> 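Below: one structure in structure tokens.
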Amino acid sequence: MPRALIVEDEPLLRAELRDQLQLLWPSLQIAGEAGDGIAALALITEQQPDIVFLDIQMPGLNGLEVAQHLPARCQVVFVTAYAEYALSAFDAGAVDYLVKPLATARLLQMIRRLQARGVAAAPPPAAVWQQVFAPPSYLKWIKASAGNTLRLLLVSEIDFFQSEGKYTRVASAGGASLIRLSLKELLEQLDPAQFVQIHRSSIVNLHAIERIDKDGTAMYIRLKGGHGSLSVSEAFARQFRQM
């Protein structure tokens with residue numbers, strides 16, 4: 001069972017890395033943690049780890065300085081918010097270099113790299129691989145009510161969604177209907193490449209936009225087919241300013 005140390009001066013980031021490693025690499029033993037370079041050296045001498053996950057910017061000794069004092073058999077993975085240190089990190093003998101925020105797919109790649117270097121690594125649970133690499137599944141159809149009629153709508157053909165009290169209005173070429181899903185629930189299920197929120201009460205289908213009009217600081221989306229316009233609030237206007 002490989003043993004590792006985590007050296008990171010920010011407690012929340014240290015905990016995040018520990019939790020992700022425990023999920024993705026169940027057989028890895030986290031033998032200890034340190035929050036600065038001086039404490040890290042003492043812990044490394046005491047624990048003799050196989051791997052050290054080492055932050056670069058730390059009080060006392062920085063990560064590059066700590067790496068110079070590691071046993072030859074110890075593998076080093078630098079974890080930092082600063083990509084510009086990459087060359088120096090590899091010069092210091094790093095097997096890998098992770099840039100915060102940490103992506104799950106990148107951590108899995110790092111595990112495979114360590115395994116190739118001879119550090120025993122049991123594969124992560126199959127569910128983890130499926131979660132990371134399986135294509136996302138977005139909402140394709142939706143059931144909406146129009147009076148006493150229940151309509152089955154293809155989501156890609158919906159122009160926009162708009163909050164109306166306890167309901168959400170669904171607008172398409174076939175007219176308006178209502179669903180009970182909130183905008184927040186919809187956003188979690190809609191393809192972000194096609195649907196974007198433009199107001200706290202509105203989500204629009206990008207394929208339904210004919211043009212964007214500006215009137216002073218106000219911004220409006222004109223829909224294709226003469227289906228009206230929607231107001232874009234200041235909080236969501238940035239995504240359209242370059243269009």
Side-chain angles (χ1 to χ4, degrees), residues 1-136 184 187-188 192:
M1 181 180 292
R3 291 161 47 81
L5 301 179
I6 298 175
V7 183
E8 162 67 63
D9 67 327
E10 296 187 42
L12 290 178
L13 294 176
R14 196 162 64 236
E16 178 189 2
L17 179 56
R18 179 182 65 248
D19 291 345
Q20 291 195 63
L21 286 171
Q22 288 174 342
L23 172 65
L24 302 175
W25 195 347
S27 62
L28 180 67
Q29 179 186 354
I30 306 298
E33 301 176 10
D36 62 76
I38 302 298
L41 284 180
L43 193 59
I44 289 162
T45 301
E46 175 190 337
Q47 295 292 335
Q48 294 295 303
D50 302 296
I51 311 160
V52 176
F53 296 93
L54 190 56
D55 189 15
I56 289 183
Q57 292 283 49
M58 295 186 298
L61 297 175
N62 65 39
L64 296 172
E65 292 169 328
V66 171
Q68 296 172 12
H69 300 281
L70 293 178
R73 58 175 288 277
C74 185
Q75 306 284 347
V76 183
V77 176
F78 283 107
V79 185
T80 180
Y82 304 97
E84 61 267 26
Y85 288 113
L87 183 58
S88 298
F90 286 114
D91 285 344
V95 66
D96 211 338
Y97 183 94
L98 304 176
V99 178
K100 306 168 191 174
L102 304 177
T104 302
R106 184 67 183 85
L107 285 167
L108 287 169
Q109 183 184 50
M110 176 270 298
I111 291 170
R112 293 197 299 270
R113 185 169 294 174
L114 283 166
Q115 187 175 23
R117 292 280 290 261
V119 177
V128 172
W129 291 101
Q130 293 168 0
Q131 180 181 355
V132 174
F133 295 108
K184 181 180 178 181
L187 277 174
E188 294 172 352

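If you're wondering where the values come from, they're calculated on a predicted model, not measured in any experiment.
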> Any side-chain donor paired with an acceptor under 3.5 Å for Q109 and R106?
yes
> Looking at G32 and L43, what are the two nearest heavy atoms and their distance?
C-CD2, 3.8 Å
> Just how far is it from atom CG of D19 to atom CZ of R14, taken to the nearest 0.5 Å?
12.0 Å
> Show the nearest heavy-atom pair for residues M110 and L21, with the distance to one decimal.
CE-CD2, 4.1 Å
> Carefully, step by step, assess V77 and L98 under the rule side chain to side chain contact (heavy atoms under 4.5 Å, CB included).
CA-CA 7 Å; V77 176; L98 304 176; 3.9 Å; yes
> Sequence neighbours left out, cut at 3.5 Å: what donor-acceptor pairs do the side chains of residues 61-68 make with other protein atoms?
residue	atom	partner	partner atom	Å
N62	OD1	L64	N	3.0
N62	OD1	E65	N	2.8
E65	OE1	N62	N	2.9

> Nearest 0.5 angstrom please: Q29 CD to L5 CG, how far?
10.0 Å
> Which atoms form the tightest heavy-atom contact between L28 and A4, and what is the distance?
CD1-CB, 3.8 Å
> Search all heavy atoms of C74 against all heavy atoms of P49 and return the closest pair with its distance.
SG-O, 3.7 Å
> Side chain to side chain contact (heavy atoms under 4.5 Å, CB included), that's the test. Do E8 and L17 meet it? Break it down for me.
CA-CA 9 Å; E8 162 67 63; L17 179 56; 6.0 Å; no
> With distance as the sole test, does E10 use its side chain to make a donor-acceptor pair with the main-chain N or O of L12 at under 3.5 Å?
no
> Which pair of heavy atoms, one from P59 and one from D36, lies closest together, and at what distance?
O-CB, 3.6 Å
> Measure the spacing between CG of L24 and CG of L107 and express it to the nearest 0.5 Å.
6.0 Å
> Hey, does the side chain of R18 reach the backbone of I30 with a donor-acceptor pair shorter than 3.5 angstrom?
no
> Hey, could you give me each pair passing salt bridge (Lys or Arg N to Asp or Glu O under 4.0 Å) that has a residue in residues 47-57? Not counting sequence neighbours.
D50-R73, D55-K100
> What's the separation between atom CG in L13 and atom CD1 in I6, rounded to the nearest 0.5 Å?
11.0 Å
> Drop me the distance from I51's CD1 to W25's CH2, to the nearest 0.5 angstrom.
3.5 Å
> Return the CG to CD1 distance between L54 and I56, rounded to the nearest 0.5 Å.
7.5 Å
